[in-house]
Amino acid sequence: DVKVTQSSRYLVKRTGEKVFLECVQDMDHENMFWYRQDPGLGLRLIYFSYDVKMKEKGDIPEGYSVSREKKERFSLILESASTNQTSMYLCASSLEVEGYTFGSGTRLTVV
Amino acid sequence: RKEVEQDPGPFNVPEGATVAFNCTYSNSASQSFFWYRQDCRKEPKLLMSVYSSGNEDGRFTAQLNRASQYISLLIRDSKLSDSATYLCVVARNTGGFKTIFGAGTRLFVKA
């Protein structure tokens, strides 16, 4: 089974802090994604990557950046955390246009 | 109008009932279709892919109607453990890889 591992399950950060969310997958998938999920809004795509050092903006990239230095690792960075970035963050990986495998999520609270 | 639309529910059904979820999509270039299941405070997990010929997995049957741009999921003999949110997902690879998640339909199965 593909495993997607997110480094933290719960995280509490202060406003203005730089926050790193790490995601690692173990099945050599080219495609990796970062979503946030909020009640009533569903899953919203922040950034995605089809290859090492490649990144594309999703639907809501503002306030975020990403890094993909190795194929298996895709990091999401909150440059200066704000309270409206309190959310559940989900990383996923996939092969081409196939089903995704999600990590277990990071519930981030910004205070 | 959202590209993928689902009835948000909630659907409240007794154990043993048959329940059907519907999903419509607006982009005719969509190529791949999926149903995901998401338990409360957990990540979405792939339930099944959806094919034009229809497919069945135990108590679950998925159908795709490309002409009407419509996907369905039928759950027979509902169990308490089926209580979850069911996400309709549509993907395409036309000038870029794109996957769109529906907002989900909440199902409660009661004893």
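In what follows, every chain begins at residue 1, and chains take the letters A, B, ... in the order their sequences are listed. This one's a predicted model, so the numbers in the text were calculated from it and none came from an experiment.
Ring geometry for A:Tyr35 against A:Phe102 counts as tilted: the plane angle lies between 30° and 60°, on a 0 to 90° scale.
Residue B:Ile100: no heavy atom, backbone or side chain, is found under 4.5 Å from chain A. Neither the backbone nor the side chain of A:Arg44 comes within contact range of chain B; no heavy atom of the residue lies under 4.5 Å from a heavy atom of that chain. Heavy atoms closer than 4.5 Å to chain B are found in the side chain of A:Gln37, but not in its backbone.
Ranking A:Gly105, A:Gly103, A:Ala92 against chain B, the residue ahead of the rest is A:Gly103, based on heavy-atom pairs under 4.5 Å.
Other residues, nucleotides and ligands contribute at most 12 non-hydrogen atoms within 6.0 Å of the CZ atom of B:Arg41.
Taking the side chain as every heavy atom from C-beta outward, B:Phe21 and B:Leu74 never approach each other to under 4.5 Å.
Checked by atom type, the side-chain pair B:Thr85/B:Arg37 shows no donor-acceptor distance below 3.5 Å.
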